[in-house]
Amino acid sequence: MTEPNRLIHTNVSAHQPAAGGIAARARAAAAPRYLSGLNPEQREAVETLDGPVLVLAGAGTGKTRVLTTRIAHILSQGRARPGEILSVTFTNKAAREMKHRLGQMLGEAVEGMPWLGTFHSIAGRILRVHAELVQLKSNFTILDVDDQIRLLKQLLQADNIDDKRWPARMLAGLIDGWKNRGLTPAQVPSGEASVFGNGRGGKLYTAYQARLKILNAADFGDLLLENIRLFREHPDVLRQYQNRFKFILVDEYQDTNVAQYLWLRLLSQAPPSSHALFPAPVAAEGPDPRTARSRNICCVGDDDQSIYGWRGAEVDNILRFEHDFPGAKVIRLERNYRSTGHILAAASHLIAHNEDRLGKTLRTEDVDGEKVTVTGSWDSEEEARTIGEEIEQLQRAGERLNEIAILVRASFQMREFEDRFVTLGLPYRVIGGPRFYERAEIRDALAYLRLINSPADDLAFERIVNLPKRGLGDATVKMLHEIARKRQIPLSEAARAVVETDEMKPKARGSLRALLESFDRWRVQRESMRHTELAEIVLDESGYTEMWQKDRSADAAGRLENLKELIRSMDEFENLQGFLEHISLVMDRDGGADEDAVSVMTLHSAKGLEFDTVFLPGWEEGLFPHQRALDEQGRSGLEEERRLAHVGLTRARRRAKLYFATNRRIHGSWSTTIPSRFLDELPADNVEITESKGGSGWGGTGGYGPSRFDNIDSFGSSYATPGWQRAQANRGRGGFNEAGTPYNASRSTSKRAPVIIEGELIARSTGSDSGFSLGDRVFHQKFGYGKVARIDGNKLTITFEKAGEKKVVDSFVERV
DNA sequence: ATCCAAACCTTTTTT
DNA sequence: AGGTTTGGAT
């Protein structure tokens, strides 16, 4: 967005009268205006319309701009109408951004790019049209993860599989993985299918799919998987879409999984796949052999920003592009318009530690700017406090809060910042945080609406049969389940049947009948009234609103408010179906972006965004890189974490600030942490180490008074540890800066002056001796007195008299 | 059927 | 540590 020559002009219309007049002459005379200001590579990416194109676009190189300009170009050249361009993104945010920018470029005239959206929303949309062909109805429900797990739990129970030993979550993960790879139950390798539940994994997957059909439901994975099945089994349908989409554009191609890849291949009429995981699906049979192969598909991506491997993304897709789409043109965008020199150098140097990459060199013509800073804190609380203060400083200096972001590795880190900002009165917004649509009252309300929309939606039925309480408890539900299972019908149908018999106690029976009648009534009313009005009636007549009105608990008022908000938000949609579709696919709520506030979000959700100042807390081993990534994925996991770090750094335009804390609370208990290896991998020339400014209490001069957190000297002593010395010895390895100035402890005299360490940064533990011996009585600033119980290098396990057993780095305790 | 306490499990990232 | 889910008691 800070690109020097951004587009200002906005009135290229899609269908200019091509003949005669000024427009034609203008076009002949000079390149269209929207092309000016593109650099040569960008321009090539925009203008190469025919045949497959892969754009390798590093961070901040104008990727979105290329995509949107390309669309504008296609339209203004009259090569396709808006409805003939398929343009897929990975996230809703990216889709929104593209729509927004297109709107700016094209003006309101081309409001509708009907086929611009996420993979899931577009696949879902296609699926609705042809639902019957895959044994669904067009009003099918899209299940979220929660529903999915509840359904699987039921299946496990029905099969007498111990939910403890074989958690539904795990099965959900497996099924998800299979679907990501485009595998139907029949196609799952039997070895893989049998790992779950003593060989019953495959059977369960089959049962699950069957159950989904009965419930008239699809989960996220199904949207693509069933789409692929649809295209495979019905070539006529496929051809219809192939003919419609004259141009295909794909954003973030490095994040596509196998299913998405197959889907794209089918639509792009590419020759039969030779994908390792998938032998030739459908032979492309277009009328004209020249159009039948390698259609106009343009994929944009950056292998260095592939951060969704854990979700089944195949970086391989981007690496194999030229092979998959013969004759593809590959264009590299390496000119970065976003970050200053130091930031870009730090990011590039870091990512260079990865082995699996295509390799790009990002360049900038910007000034060097401020160095990337690394700041150590005693614990996460001090980290939050330091960052809070730095933000206030920036604010005083006239920086806008909107241009400041805190990017965390894991969402639990956000809380500390929220707490801090609340006390400071600093406006902030959490992005992708606690989700509106996940709140209980919202889900309840939605369950009512879902059930109206799709009577077979058992999960919704179960959720609300007895909510508010109507005397239809476990016993009733269990009975309905039995009937439903025996006859292979949905619960509500079972309910309908059972009401006619006298299997139930009269009271429950009457209550159930009343509920069914209500739904019948609502479904009739649906035809004649607006969906917002219907929703109000439903919540009212069902007694749901009343339930909360009677509730005297503290949050009841808030919940009622949320329900109102829900109905308000429904208003933007045409009908109930459209609204339900939206909420199941777009689980985040935008809005509120206009006030000036600091953004707090995960690194993952920050992809594609940029800020003047970026704070990156929590750079510690185990958290970042995340232990689980290392355990489960080994080296490739580490590389993905490193790419994540690269993404984080490259979000910053002018200031990138990294933090690590020595102590962090993990699962409730405190543990001592080690600075991230990624810090070691930063180039010294572009980085400065500062100390935490969280408190100046040490020596008793600061505003906070002496604090246990102010053990700043400890960071000094970390550099005197064997780890630091090893680093000194290693200096120069790998061609890094040779001119290291050894750290000296004179910092106590000039505490605030930033210390610049040249050479790689090291503050790590090692396996060597700590100078303490077992049984030593020690004192710790925070935990008090204790005895050394175990020694592991410079990490000590100490039994504290008050605080119990803790692991601590030796430099934080002193012998007494 | 409803309520309360104890176990439990979480904390990677998202459509 | 904290919220959620489960199980048992009323």
Side-chain angles (χ1 to χ4, degrees), chain A residues 88-95 117-124 142-146 148-150 153 163-164 167-169 172-173 176 179-180 218-225 252 255-257 259-260 305-313 380 407-416 431-435 437-438 440 465-478 505 507-508 511 581-588 601-608 618 622-633 637 640-641 643-645 647-648 664-671:
Chain A
V88 282
T89 64
F90 198 63
T91 63
N92 292 303
K93 209 190 308 164
T118 64
F119 277 102
H120 293 270
S121 67
I122 289 174
I142 299 171
L143 298 186
D144 62 24
V145 188
D146 227 68
Q148 203 180 337
I149 287 176
R150 250 182 310 148
K153 258 190 190 143
D163 186 67
K164 292 259 156 48
R169 263 193 113 73
D176 224 48
K179 289 186 175 176
N180 283 338
D219 64 18
F220 280 122
D222 277 345
L223 296 179
L224 279 150
L225 188 64
E252 307 281 17
D255 285 333
T256 51
N257 60 34
Q260 288 158 342
Q305 293 189 62
S306 161
I307 55 176
Y308 286 105
W310 52 275
R311 237 186 79 187
S380 47
L407 310 183
V408 298
R409 176 62 182 84
S411 45
F412 75 89
Q413 290 171 264
M414 292 182 184
R415 230 178 106 177
E416 222 137 3
I431 295 174
R435 295 172 188 186
Y437 297 118
E438 278 172 15
V465 237
N466 202 27
L467 199 82
K469 302 264 180 330
R470 18 178 108 83
L472 299 168
D474 288 352
T476 311
V477 174
K478 210 174 151 197
K505 285 190 213 135
K507 213 171 148 196
S511 174
E581 172 96 11
H582 170 83
I583 49 152
S584 42
L585 290 174
V586 186
M587 285 296 269
D588 60 342
M601 68 186 100
T602 63
L603 285 161
H604 281 85
S605 50
K607 191 165 73 163
L623 178 59
F624 193 28
H626 199 280
Q627 194 56 48
R628 215 145 132 179
L630 300 179
D631 290 348
E632 287 168 17
Q633 302 294 326
E640 181 152 319
E641 294 287 293
R643 290 195 289 270
L644 201 47
V647 167
R664 191 171 291 275
R665 196 166 38 193
I666 294 171
H667 313 315
S669 59
W670 288 91
S671 42

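Computed from a predicted structure; not experimentally measured. The chains referred to below are lettered A, B, ... by the order of the sequence lines, with proteins before strands, and numbering in each begins at 1.
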Check the distance between [N]'s [atom2] and [X]'s [atom1] and give it to me in whole angstrom.
X: A/K507; N: B/dA1; atom1: NZ; atom2: P; result: 10 Å
X: A/H604; N: B/dT14; atom1: NE2; atom2: C1'; result: 9 Å
X: A/Q305; N: B/dT13; atom1: CD; atom2: C1'; result: 15 Å
X: A/F220; N: B/dT14; atom1: CZ; atom2: C1'; result: 8 Å
X: A/R665; N: B/dT11; atom1: CZ; atom2: P; result: 16 Å
X: A/L467; N: B/dT2; atom1: CG; atom2: C1'; result: 14 Å
X: A/Q260; N: B/dT15; atom1: CD; atom2: P; result: 12 Å
X: A/F412; N: C/dA1; atom1: CZ; atom2: P; result: 16 Å

5′-ward residue of the pair A/H120/A/G473 relative to DNA chain B: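 With A/H120 and A/G473 compared, the 5'-side residue is A/G473.
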Any donor-acceptor N/O pair under 3.5 Å between B/dT12 base and A/R628 side chain: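 No, the side chain and the base share no sub-3.5 Å donor-acceptor pair.
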A/W310-B/dT13 aromatic stacking (under 5.5 Å, under 30°):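 The base of B/dT13 is stacked with A/W310 (centres under 5.5 Å, planes under 30°).
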So what does [X] touch, heavy atoms closer than 4.0 Å: a base, only the sugar-phosphate, or nothing?
X: A/S411; value: sugar-phosphate
X: A/F119; value: nothing
X: A/G221; value: nothing

Among [options], the nucleotide that comes nearest once only the side chain of [X] is considered:
X: A/R415; options: C/dG2, B/dT11, B/dT15; result: C/dG2
X: A/N466; options: B/dT13, B/dT15, B/dT2; result: B/dT2
X: A/R169; options: B/dT12, B/dT11, B/dT15; result: B/dT11
X: A/T118; options: C/dT6, B/dT12, B/dT15; result: B/dT15
X: A/A475; options: B/dT2, B/dT15, B/dA1; result: B/dA1
X: A/V145; options: B/dT15, B/dT13, B/dT2; result: B/dT15

Parallel, tilted or perpendicular, as decided by the 30° and 60° cut-offs, for the rings of A/F90 and A/F119: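 A/F119 and A/F90: perpendicular rings.
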Are the side chains of [Y] and [X] in contact, using a 4.5 Å heavy-atom criterion?
X: A/I122; Y: A/V88; result: yes
X: A/Q413; Y: A/F624; result: no
X: A/H604; Y: A/L644; result: yes
X: A/Q633; Y: A/E640; result: no

Under-4.0 Å side-chain N/O to phosphate OP1/OP2 contact, A/H626 with B/dT12: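 Checking A/H626 against B/dT12: at least one side-chain N or O falls below 4.0 Å of OP1 or OP2.
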Phosphate-side-chain proximity, A/T602 and B/dT12, N/O vs OP1/OP2 below 4.0 Å: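 For B/dT12, neither OP1 nor OP2 has a side-chain N or O of A/T602 closer than 4.0 Å.
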Spacing of the C1' atoms in C/dT5 and B/dT12 (rounded, Å):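 23 Å, rounded to whole Å.
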Nearest-0.5 Å distance that lies between atom CD in A/Q260 and atom CG in A/D255: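 One gets 8.5 Å once the value is rounded to the nearest 0.5 Å.
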